[in-house]
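Quick note: numbers below take in every heavy atom, side chains included, and nothing from hydrogens, waters or symmetry partners.
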Amino acid sequence: QVQLVESGGGLVPAGGSLRLSCTASGRPYGEYAMAWFRQAPGEDRRFVAAWRWRGDGTFYADSVQGRFTISRDNSDNTVILQMNNLKPDDTAVYSCAAGWPAGVARVKWSSEYMYWGQGTQVTVSS
């Protein structure tokens, strides 16, 4: 069992920054991945960013490329999403996920992640 806890959401003006963190209760086994997804009211849940154990690879949605950075902190059980130059369209509930995507292409598939946090609200004002 893996339990994920997110923190760091809040209200910021456009152009501001937030730093989200996701901490797992224990280190996932094998060649796992951790990812962030977001969902705005009335919208589908969408991929934001992911980190994969194999190759220490990082992956980003086109909409956040160059603005968001996913990384590991000092603990192997924690992943960070640094969000810079935030836009109102970034407003959503951000959820952390952990799983074992079967291949590089599947790191963006929400169905590949078995464990999810409860989400943290990010609101970007105009």
Checklist entry - Heavy-atom distance under 4.5 Å between the side chains of Arg19 and Ile80, does that happen here? => result yes
Next on the checklist: Among residues at least two apart in sequence or on other chains, which ones pass side chain to side chain contact (heavy atoms under 4.5 Å, CB included) with Ser17?
Outcome noted: Gln82, Asn84
Next on the checklist: List the residues meeting ring pair (Phe, Tyr, Trp, His ring centres under 6.0 Å) with Tyr94, not counting sequence neighbours, and say none if there are none.
Outcome noted: none
Checklist entry - Ser125: what forms a side-chain hydrogen bond (donor to acceptor under 3.5 Å, both in side chains) with it, not counting sequence neighbours? => result none
Item to check | Heavy-atom closest contact (Ser95 atom, Gly119 atom, distance) | outcome: OG-CA, 3.7 Å
Checklist entry - Do Trp100 and Ile70 sit in the same hydrophobic cluster, where Ile, Leu, Val, Met, Phe, Trp and Tyr count as joined when their side-chain heavy atoms come under 4.5 Å apart? => result yes
Checklist entry - Can you list the other members of the hydrophobic cluster that holds Phe47, where links are side-chain heavy atoms under 4.5 angstrom apart? => result Phe37, Phe59, Val104, Val107, Tyr113, Trp116
Item to check | Cluster overlap Tyr115 with Val5, hydrophobic side-chain contacts below 4.5 Å | outcome: no
Item to check | Reported CG-to-OG distance for the pair Asn77 and Ser25, which is rounded to 0.5 angstrom | outcome: 8.0 Å
Next on the checklist: Applying side chain to side chain contact (heavy atoms under 4.5 Å, CB included) to Thr23 and Gln3, what does each step give before you reach the verdict?
Outcome noted: CA-CA 8 Å; Thr23 300; Gln3 182 175 353; over 6 Å; no
Item to check | salt bridge (charged side-chain N to carboxylate O under 4.0 Å, His left out) involving Arg45 - partner list, sequence neighbours excluded | outcome: none
Item to check | Pair listing, disulfide (SG to SG under 2.5 Å) test, anchored in residues 85-126, at least two apart | outcome: Cys22-Cys96
Next on the checklist: Taking side chain to side chain contact (heavy atoms under 4.5 Å, CB included) as the definition, give me every residue that meets it alongside Val12, ordered by chain and number, with sequence neighbours left out.
Outcome noted: Leu18, Leu86, Val124
Checklist entry - So Val122 and Thr91, side chain to side chain contact (heavy atoms under 4.5 Å, CB included) or not? Walk me through it. => result CA-CA 5 Å; Val122 172; Thr91 295; 5.9 Å; no
Next on the checklist: Suppose we screen for side-chain hydrogen bond (donor to acceptor under 3.5 Å, both in side chains). Which residues come up paired with Asp56, at least two apart in sequence or across chains?
Outcome noted: Trp51
Item to check | Listed partners of Glu43 passing side chain to side chain contact (heavy atoms under 4.5 Å, CB included), at least two apart | outcome: Ala40, Arg46
Next on the checklist: Which residues pass the side-chain hydrogen bond (donor to acceptor under 3.5 Å, both in side chains) test with Gln121, not counting sequence neighbours?
Outcome noted: Thr123
Item to check | Stepwise side chain to side chain contact (heavy atoms under 4.5 Å, CB included) check, Met34 with Arg52 | outcome: CA-CA 7 Å; Met34 297 183 70; Arg52 193 174 73 131; over 6 Å; no
Checklist outcome for this item: By side-chain hydrogen bond (donor to acceptor under 3.5 Å, both in side chains), Arg54 pairs with (sequence neighbours left out) Glu31
Checklist entry - Run the side chain to side chain contact (heavy atoms under 4.5 Å, CB included) check on Val48 and Phe68 step by step: do they pass? => result CA-CA 9 Å; Val48 178; Phe68 292 9; 3.7 Å; yes
Next on the checklist: Using the salt bridge (charged side-chain N to carboxylate O under 4.0 Å, His left out) criterion, which residues pair with Glu112? Sequence neighbours excluded.
Outcome noted: Arg106
Next on the checklist: Quick check against the 3.5 Å criterion: does Glu6 have a side-chain atom that pairs as donor or acceptor with the backbone of Thr120?
Outcome noted: no
Item to check | Residue pair Leu4 / Ala24: nearest heavy atoms and the distance that separates them | outcome: CD2-CB, 3.6 Å
Checklist outcome for this item: Separation between CG (Asp89) and OG (Ser63), nearest 0.5 Å, reads 9.0 Å
Checklist entry - Is there a side-chain contact between Arg38 and Val64 (heavy atoms, below 4.5 Å)? => result yes
